[in-house]
Protein chains: 2
Amino acid sequence: MGGRRVTGRTVSALHSAADLKRFHSLLQSYMDKKGLRSTDQRRLIVDLFFHANGHVSIEELLADVRVRDARIGYATVYRTLKLLAECGIAYERSFGDGVARYELADEFSHHHDHLICIECGGITEFQEPRIEQLQDEIAKRHRFDLRRHKHELYGVCAKCSKR
Amino acid sequence: MGGRRVTGRTVSALHSAADLKRFHSLLQSYMDKKGLRSTDQRRLIVDLFFHANGHVSIEELLADVRVRDARIGYATVYRTLKLLAECGIAYERSFGDGVARYELADEFSHHHDHLICIECGGITEFQEPRIEQLQDEIAKRHRFDLRRHKHELYGVCAKCSKR
DNA sequence: CTAAGTGCAAAAAGTTTGCATTCCG
DNA sequence: CGGAATGCAAACTTTTTGCACTTAG
């Protein structure tokens, strides 16, 4: 119910082995279908993305990737993330700071929305099924085919209020 | 209750005269306090912003503004919108298409969230008090001082589904 | 082999800023 | 007058693309 703290890149994501399996097989079948190739770079980037904490920017992921292989370029990470977004494995987000961020799709992680602290920039996740239900209602009301949503609460977190 | 269609720039916003009055007086007092000046350009931009449909980009507002005064530059609109955002009269948003958009703060308009069509880009507004209430609950649960939120539903609108 | 992928560097697209000039108060 | 605002153009930032070279299949 509550959210777990995932500010920045301090907490490692906890996805199950089963998620990883489905993730790989979906990606593989998409790549097969499109005639795309599996390269060292792509495997590394995709792997680190899966294990990264949610909400990584291209720059951040590139830094991670370069620890393992310093030759990899920005454009490759950029194109690989686009690829993941294309086949529905990743969502492209932007929290208003002008840089694109990517996170694992709900089906490989767990669906969640965000509380964002306007003081420290910390991001906490939350889940609220009753809101999801109301969203479906709204979509129905508008005869709108709802595919995804973005729900962000901005304010000051407990820690920052105290200071 | 339902939302009204405000796609792009086709429907004119309907704010009350009282809103306009409060809007001007808040802006005026902010400018007085900061020693800022009232210029022809600023008055024109601010005025057109108030009467514009929600969600205007700098580029769009600039186009409107230039109908009245062709000499006005991008930077002036940019700086004026920043000013409005600074003093809380406007919100800066971004719907992921890489351009910043501005809309009137809730207190001068009416609070609403957005349904965004991923086919045609159309934006429809919606309101749902029960969601607002649940948000407050979530914030409380996290001892989070909620200041504002962003709730966007992405999908395919009725019109586009039909095609 | 050959079409796809990579890395680089250049091009775009949008946002910010420096500065000479204009103009509000 | 003096400092703030404007308009222009240049600087930035981030994203996207073209291209020659490499490589998976």
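Only this structure's heavy atoms are used, side chains among them; waters, hydrogens and symmetry mates stay out. By convention in this document, chain letters (A, B, ...) are assigned in the order of the sequence lines, proteins followed by strands, and residues within each chain are numbered from 1.
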Original post:
When the ring centroid of B/His149 is compared with that of A/His114, is the distance short of 6.0 Å?
Top reply: no
**OP:** Could you point out which residue of A/Arg42, A/Arg43, A/Arg37 forms a salt bridge (charged side-chain N to carboxylate O under 4.0 Å, His left out) with A/Asp40?
**Re:** A/Arg43
Original post:
At under 4.0 Å, does any side-chain N or O of B/Gln41 touch on OP1 or OP2 of C/dC23?
Top reply: no
Original post:
Rounded to the Å, how far apart are A/Leu61 CG and D/dT14 P?
Top reply: 16 Å
Original post:
Just by protein heavy atoms under 4.0 Å, how would nucleotides 15-25 of chain D read 5' to 3' in B, S and -?
Top reply: BBBB----BBS
Original post:
Looking at residues at least two apart in the chain, or sitting in another chain, which of them share a salt bridge (Lys or Arg N to Asp or Glu O under 4.0 Å) with B/Glu92?
Top reply: B/Lys82
Subject >> Rounded distance in Å - CG (A/Leu44) to C1' (C/dG7) >> reply: 15 Å
**OP:** Could you state the atom-to-atom distance from CD of B/Gln28 to P of C/dC24 in whole Å?
**Re:** 14 Å
**OP:** Would you check, one step at a time, whether the test side chain to side chain contact (heavy atoms under 4.5 Å, CB included) holds for B/Arg148 with A/Ile118?
**Re:** CA-CA 10 Å; B/Arg148 58 178 182 276; A/Ile118 56 182; 3.8 Å; yes
**OP:** Using five pairs at either end of the helix from C/dC1-D/dG25 to C/dG25-D/dC1, determine the angle between the two local helix axes and round it to 10 degrees.
**Re:** 30°
Original post:
When the distance from CD1 of B/Ile72 to P of D/dC8 is rounded to whole Å, what number comes out?
Top reply: 11 Å
Original post:
Does one side chain, of A/His151 or A/Asp113, offer a donor that lies under 3.5 Å from an acceptor on the other?
Top reply: no
Original post:
Can a donor-acceptor pair be found between the side chains of B/His55 and B/Glu103 at a distance below 3.5 Å?
Top reply: yes
**OP:** For A/Leu153 and A/Ile116, run side chain to side chain contact (heavy atoms under 4.5 Å, CB included): C-alpha distance rounded to whole Å, both residues' side-chain angles, the deciding distance at 0.1 Å, then the answer.
**Re:** CA-CA 6 Å; A/Leu153 307 185; A/Ile116 297 152; over 6 Å; no
**OP:** Measure from CD1 on B/Ile45 to P on D/dT6 and round the result to the nearest Å.
**Re:** 7 Å
Original post:
Judged by modelled atom types alone, do B/Tyr30 and B/Gln28 share a side-chain donor-acceptor pair under 3.5 Å?
Top reply: no
Subject >> Protein-nucleotide distance (A/Asp69, atom CG; C/dT6, atom P), rounded to Å >> reply: 11 Å
**OP:** Send over the distance from B/Asp97 CG to C/dT15 P, rounded to a whole Å.
**Re:** 9 Å
**OP:** Please state how far atom CD in B/Glu86 lies from atom P in C/dT16, giving the value in whole angstrom units.
**Re:** 12 Å
Original post:
So, do A/Tyr102 and A/Tyr91 have ring centers that fall under 6.0 Å from each other?
Top reply: no
